[in-house]
Amino acid sequence: MIELRHVVKAFGSGETAVRAVNDLSFVCPPGSFWAMMGPSGSGKSTVLHLIAGLTPPTSGSVLVDGADVAKMNSAEAAALRRRRIGYVLQTFNLMPFLTAAENVGMPLVLDGVKQREVDARVKDALAMVNMSHRAAHYPTHLSGGEQQRVAIARALVIRPAIVLADEPTGNLDRAGGRVIMDLIHDINERTGVTVLLVTHDPVFAAYARRVLRLVDGALQQDMPLTEESPDGDIGIAG
Amino acid sequence: MLRLLRQVSFRQLQASWGRTTLVVGGVATGVSLIVAIQVINASVLDNLRRTIELIAGPAALEVTLGVGEVGFSEATVETVRADPAVAAAVPLVRGTISLADDPSETLQLFGADLTAEEDLERYRISLTTDRREVLRSMDDPGAILLAEAFATRHALGIGQHLKLSTPAGVKDFTVRGLLAPAGVARVFGGQLAVMDLPAAQLVLGTEGRIDQVDVLLRPEADVTTTQRRLEAALPSTLQVARPEQRGAQYETILASFQAMLTGLSLLCLVAGVYIIYNTTSTGAVHRALVIAGLRVTGASADQLFRLLMLEALVLGVAGTGLGIPGGIALARLLTGLVSDSMGVIFQLRFPVDGLSIEASRQVAIAAIGIGAALFAAYFAARRVTALDPLEVMRADLRALAPQTGTYRLVLAWLGLVGVSALALVERRSRDTVAAPVAFRRRGSGRGGKPLSLGHAYGCHDRGGRACSRHRNHRGIAHREFP
Ligand SMILES: Nc1ncnc2c1ncn2[C@@H]1O[C@H](COP(=O)(O)OP(=O)(O)OP(=O)(O)O)[C@@H](O)[C@H]1O
Ligand SMILES: [Mg+2]
């Protein structure tokens, strides 16, 4: 469950101040699959950063499973990312000196999980994204789509409550993008993980059950795409 | 943490091996120089001390002249012998003589009571010739014992004659025995001649006068009390001292030498620290993206800080691990050189038989090396882990990292090491020149007590005899007799 209450995020001050997020409120129930769209600079990435505790809001509150992210110290926010939130970035953000399997296992290693369990869970996660055959490969030897699948496996390996995906198809062609979107969709269906997806592409946004449109950091449009939302009660709070 | 070290640090260190080499090399260089200098100093001092003991023989006290260089009356021996604690008092004269046809070939002449057989033992004068035969022939005032090396060099055998220029003029001598290259003969690098006391006095023109009395005490005697008593009984111009006090005086001279060398090695370590700081910080900035990535993946800043420090510890240990044996190897190479130049300074050649390696010192140096690596890494690690991962991922990395190329750093490092090495060599040769002046000054500052054996053994102006004396640039005393 993700809840934003009158969140404002401003960068800079005085005349040059930019409100990247401007009084944004919503409640995203567990198991949702939402897409966020909007022009460049409309604050989509910033919303994901706020949820992941990578940056504090200027005002308002961001709650993840009821806990206020803004009130967490950096170690608690790190633990939140390590244990609850799988983050998939547009640029793949894989460590070039680690194999696919090692990249996937990194959040577990950071969390001090025993190596045997790490190995088992990495195996499962790679299987989920159909990348088992590439476990021992280094990122530079993988295609863009394959790298993105490894990044998704890394987000999934922690068995997250929430997956934040910031333009995961941005660097891929349409066909490659479809593979990824099918995968994300499938995972949402199978595991019930909450997915918050940022995309520019309406075709990919159509995978979601609800689309939020941001303009200048504020909610401009809120479109439920399907009636079959998990709990049928997707409200816009505030 | 160890898994992170293996997966994150080691992989990256391996990938940027040039940088890694530089860090490890920086620590290793600093540490090895400190180790080398410390080991050389300790070894040279230890051997010097041993040599001084060797020369002093078993004497508990020495009576020498405090002021002036004219020797003192033989009658002093009787005063010393009269002390109840004294077991034996051995008078000695010393002087410098040279080959008549080659004045640059000088000999330290040592006059002792050779008819007393135990004196030979006492001063570790080992003969290659039969002892009894030698002693029988020593009654002849022209009888002389020569160091074997010297005799060989000048093709002199037993029974052969040679002309020596002495304070009493050019005289004929007969070689009656050869001194084995051990004990005192070894100390003087073979430039040693021994004569019976009265004959030596005659040759040196110091009849009835002596340079030193070695005092042997009875086993139950207290050294300090006897020293005081002798001081009271003897004229105030004479000094009564323990032989090891002379060693202490050497140490004072060596202290400045040592301080200079230690300063240089610290300079190297500072350079090492600078290099470590530079490489860890540029390395860290290089890795800022990786660190930011790890932060987004859920690593805490603290965790990554600890990781970077652990990494610095590993590099520091590696550098120190290489530096200590490297320093010992360097010491092995250089100790001979240093003791040679000391030999020139003090007219005292002494072999360095072994390196003195003190474990506790090495541990302390290792701690300094590792500490330096941690110290250098600390600031870089603090800085890079404090960066906002979002900023790092937004920013152009090249703008973040004011890069000094690895090669330029390697060059800078080699340059520093080179300059230090040059400075070392240069300082050493200058020191060789400067030292005699230094000890002369100190010597007069202490009321003329001779500070070096070269001084004490070498250059005494006897009986007011006209004798001009100068030192060449290496501090070797020459006497010229009109
Ligand atoms: N660290 C920052 N400092 C200053 N301004 C920032 C910072 N981060 C974001 N902004 C500004 O906030 C606004 C929203 O940025 P954000 O990255 O959230 O946009 P976005 O919707 O993700 O855009 P895009 O589709 O191009 O990725 C932009 O105007 C951006 O310039
Ligand atoms: Mg964005």
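Letters go in sequence order (proteins before strands), and every chain restarts at 1.
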Item to check | Exceeds 12 heavy-atom contacts within 6.0 angstrom, atom CZ of Phe375(B) | outcome: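 Counting neighbours around CZ of Phe375(B), 12 or fewer heavy atoms of other residues, nucleotides or ligands fall under 6.0 Å, so no.
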Item to check | For chain A, the option from Met1(B), Gln12(B), Arg295(B) that forms the most heavy-atom pairs under 4.5 Å | outcome: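 The candidate making the most pairs under 4.5 Å is Gln12(B).
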Checklist entry - Considering all heavy atoms of both residues, which atom of Ala299(B) and which atom of Ala78(A) are nearest to each other, and what is their separation? => result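 Distance-wise, the nearest heavy atoms are O-CB, 3.8 Å.
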Checklist entry - If you count the non-hydrogen atoms of other residues, nucleotides and ligands that lie under 6.0 Å from NE2 in His200(A), is the total more than 12? => result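 Yes, NE2 of His200(A) has more than 12 neighbouring heavy atoms, counting only those of other groups under 6.0 Å.
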Item to check | Heavy atoms from other residues, nucleotides or ligands near CG of Asp216(A) exceed 12 (cutoff 6.0 Å) | outcome: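 Counting other residues, nucleotides and ligands, CG of Asp216(A) stays at 12 neighbours or fewer.
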Next on the checklist: Could you measure the distance from the CG atom of Leu390(B) to the CG atom of Leu54(A)? Nearest 0.5 Å is fine.
Outcome noted: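 With rounding to 0.5 Å, CG (Leu390(B)) is 5.0 Å from CG (Leu54(A)).
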Next on the checklist: Between Met95(A) and Val8(B), is the side-chain contact (heavy atoms from CB on, under 4.5 Å) condition met? List the steps.
Outcome noted: CA-CA 9 Å; Met95(A) 305 291 156; Val8(B) 177; over 6 Å; no
Checklist entry - If we only count heavy atoms from C-beta on, is the Thr297(B) to Arg82(A) side-chain gap below 4.5 Å? => result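 In short, these two side chains do not touch, never coming nearer than 4.5 Å.
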Item to check | Which atoms of Glu76(A) approach chain B - backbone, side chain, both or neither, heavy atom under 4.5 Å | outcome: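 Looking at Glu76(A), nothing touches chain B.
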Item to check | Side chain / backbone / both / neither for Leu307(B) at chain A, heavy atoms under 4.5 Å | outcome: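 The answer is neither part of Leu307(B).
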Checklist entry - Which bit of Val88(A) is near chain B, if near means a heavy-atom gap under 4.5 Å: side chain, backbone, both or neither? => result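 Neither the backbone nor the side chain of Val88(A) comes within 4.5 Å of chain B.
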Next on the checklist: At a heavy-atom distance under 4.5 Å, which candidate from Leu98(A), Ile158(A), Leu80(A) has the highest pair count against chain B?
Outcome noted: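 The candidate making the most pairs under 4.5 Å is Leu98(A).
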Checklist entry - Should Met106(A) and Gln7(B) count as side-chain neighbours, where that means a heavy-atom distance under 4.5 Å? => result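 When only atoms from C-beta onward are counted, Gln7(B) and Met106(A) do touch, with a gap below 4.5 Å.
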Checklist entry - Which pair of heavy atoms, one from Val113(A) and one from Arg3(B), lies closest together, and at what distance? => result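 Here Val113(A) and Arg3(B) meet closest at O-NH2, 2.6 Å.
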